[in-house]
Amino acid sequence: MTALKGILGDLAANPAAQGLDRSLSCSLPDLGQIVRGRLSRGSLHEMRAEPADQSLEKADIRLTMASDDLVALTEGRLSFGPAWASGRVKLEAGLRDLLRLRKML
């Protein structure tokens with residue numbers, strides 16, 4: 001949870017995120033967990049973890065990665081662009097959100 005708050009907190013604080021109000025989820029299949037939250041007002045809100053098999057809610061912005069990749073992103077050993085390009089990190093969102101996220105990442 002701490003690693004995810006670090007990455008998403010940086011994303012939320014980015015000037016390009018001003019005015020953005022979206023639900024977020026990060027699926028960690030190796031842990032069987034989904035972490036959910038809300039990106040609004042320049043920060044993260046309502047962060048919570050839930051079992052992946054009990055999750056029905058679909059977030060506006062969805063990330064999927066292994067927990068080791070999440071830690072590597074947080075520690076700076078892995079960059080988002082190459083991780084996404086190689087399929088280690090998956091990002092799903094609507095076209096408008098993807099274009100806005102491109103500026104933030």
Q: For S25, enumerate each residue passing the side chain to side chain contact (heavy atoms under 4.5 Å, CB included) test, keeping only those at least two apart in sequence or located in another chain.
A: I34, R36, A59, R62
Q | Results of side-chain hydrogen bond (donor to acceptor under 3.5 Å, both in side chains) for R96 - residues two or more places apart only | A | none
Q. L73 versus M65: any side-chain heavy-atom pair under 4.5 Å?
A. yes
Q: Could you list the residues that satisfy side chain to side chain contact (heavy atoms under 4.5 Å, CB included) with S40, not counting sequence neighbours?
A: D21, R38, H45
Q. Under 4.0 Å between a Lys/Arg side-chain N and an Asp/Glu carboxylate O for E50 and R48?
A. yes
**Q.** With S79 via side-chain hydrogen bond (donor to acceptor under 3.5 Å, both in side chains) - residues at least two apart
**A.** none
Q | L63 CG to E92 CD distance, which is reported to the nearest 0.5 Å | A | 9.0 Å
**Q.** Separation of T64 OG1 from L91 CG (nearest 0.5 Å)
**A.** 9.0 Å
Q.
Restricting to side chain to side chain contact (heavy atoms under 4.5 Å, CB included), what partner residues turn up for D30, sequence neighbours left out?
A. L28, A66, S67
Q: Using the test side chain to side chain contact (heavy atoms under 4.5 Å, CB included), find all partners of R77 that sit at least two apart in sequence or belong to another chain.
A: V71, A72, E75
